[in-house]
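Written out below as structure tokens is the structure these notes cover.
Residues take their numbers from the sequence shown, with the count starting at 1.
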Amino acid sequence: MFEHVDAYAGDPIFSLVEQFMKDPRENKVNLTIGFYFDEDGKVPNFSSVDKAKVWAADNLPASPVYLPMDGLPDYRVAVKSLAFGDAMPLVDSRLASTQSLGGSGALKVGADLLKRYFPDSELWVSDPTWENHHSIFKGAGVKVNTYRYYNPQTKMLDFSGMLEDLNQLPERAIVLLHPCCHNPTGIDLTNEQWQQVVDVVKQRNLLAFFDMAYQGFGFGLNEDTQAIKLMAESGQPFLLAQSFSKIFSLYSERVGALYVVCESPETAETIQGQLKFTVRTNYSTPPSFGARLVNHVLASDALTDEWKTELEAMRERMHTMRQQLVAKLGELRPDVDFSYLATQVGMFSYTGFSPEQIKRLKDEFGVYLIASGRMCVAGLNTRNIDATAKAFAAVC
């Protein structure tokens, strides 16, 4: 019956992590998967979240019934203020939202909704983008195309190419945008550049779909939402996927949200019902525990302040590691310009290394990068940064 089914080649990132785990070398360095690792090379627990877990032990509902299809109501109220920041008054009355299974679940629900009501619209993603963007939208039956973003010659943003491509898209085309900490390049737009993108989206009547998985890892919680604020000010409808896997270190709990900013409160009410239906046809209702943790932290001023302090420490550590790596590379290879790494932000950097260089890094030095050359900056620490810099310098 199933002999015609193709074998799954495996996810390239998770497969590479498996290779890393089997590597017997003691000085190996894992810069592959998008986990935040602390100075000790461990995925940390937030103290603020741990306190929420203590609270949850005595305050979970006695009867573990299903949540509503669109999720925990208090959670949805708490997280939307975080996502929209200063723009909240601009969108609140015309906002539909649902709790989701992490950021990926938000993208999937959004993709299904768009395929149903915009069946002829195609999706454009940045070149490059997170590989799963292609898989999720193709899985929903949406044709996926790319717009220019990264210039491999300059190792910088190709903004003129990006604008040129967006200016040629048909009306109601869907454009996936990274509001902060672009994955995989770490190259973000300035506020002035975002304004130009928003202007194009409005002029050409495009449908923007923001994917925000790293809010706070770039320049700050509010600073990282500036693109969303500009889009909200434009009055143009758009979608936003939100994830708490990284910024609350709740990877396995799958905590996220999807927002649809509509033209009017009446339309938002209609979309709210369709979000419920889309969730019902995917996974029926979302899980409870992780959402209750996030909600409890955001509902407490003291825990929110503690969480913000912890998040800031993570951002500053990654920034420090990035700067130290560039400085060490400058000492080892003054003939090579690595300054582009210092201008990138967030969890990831695009090294610009070729497949041959990436293979050498793994085989000769035990330094693991994914095939695109993306580096997880959070995998660097004071114990492995020297070895990483020497390996990078050796393959250039």
Does CZ in F219 sit with more than 12 non-hydrogen atoms of other residues, nucleotides or ligands closer than 6.0 Å? no

Distance (rounded to the nearest 0.5 Å) between S100 OG and L258 CG: 6.5 Å

Would you mind checking if R172 and D120 are paired as a salt bridge, meaning a charged N to carboxylate O distance below 4.0 Å? no

Ion pair check, K42 and D38, cut-off under 4.0 Å: no

Parallel, tilted or perpendicular, as decided by the 30° and 60° cut-offs, for the rings of H296 and W55: parallel

Which residue, R374, H178, H133, E131, forms the side chain to side chain donor-acceptor pair (under 3.5 Å) with N183? R374

Residue of the set S48, S47, S300 for which side chain to side chain donor-acceptor pair (under 3.5 Å) holds with E306: S47

State which residues pass ring pair (Phe, Tyr, Trp, His ring centres under 6.0 Å) with F159; sequence neighbours excluded, sorted by chain then number. none

To the nearest 0.5 Å, what is the distance between CD1 on I228 and CG on L240? 4.5 Å

Spacing of Y149 atom OH and H182 atom NE2 [to the nearest 0.5 Å]: 4.5 Å

Is the backbone of S97 close enough, under 3.5 Å, to the side chain of Q272 for a donor and an acceptor to pair up by distance? yes

With M375 as partner, the option from L325, V367, T32 fulfilling side chain to side chain contact (heavy atoms under 4.5 Å, CB included) is L325

Ring centroid separation for F338 and F392, is it under 6.0 angstrom? no

Can you confirm whether E364 is buried at CD, in the sense that more than 12 heavy atoms of other residues, nucleotides or ligands lie under 6.0 Å from that atom? yes

Mind running side-chain hydrogen bond (donor to acceptor under 3.5 Å, both in side chains) on S245 and R254 for me, showing each step along the way? CA-CA 7 Å; S245 295; R254 310 310 297 135; 3.1 Å; yes

If you count every heavy atom of other residues, nucleotides or ligands that lies below 6.0 Å from D40 atom CG, does the total exceed 12? yes

Kindly check if the number of other-residue, nucleotide or ligand heavy atoms within 6.0 Å of NE2 (H134) is above 12? yes

Is D112 salt-bridged to R116, cutoff N-O under 4.0 Å? no

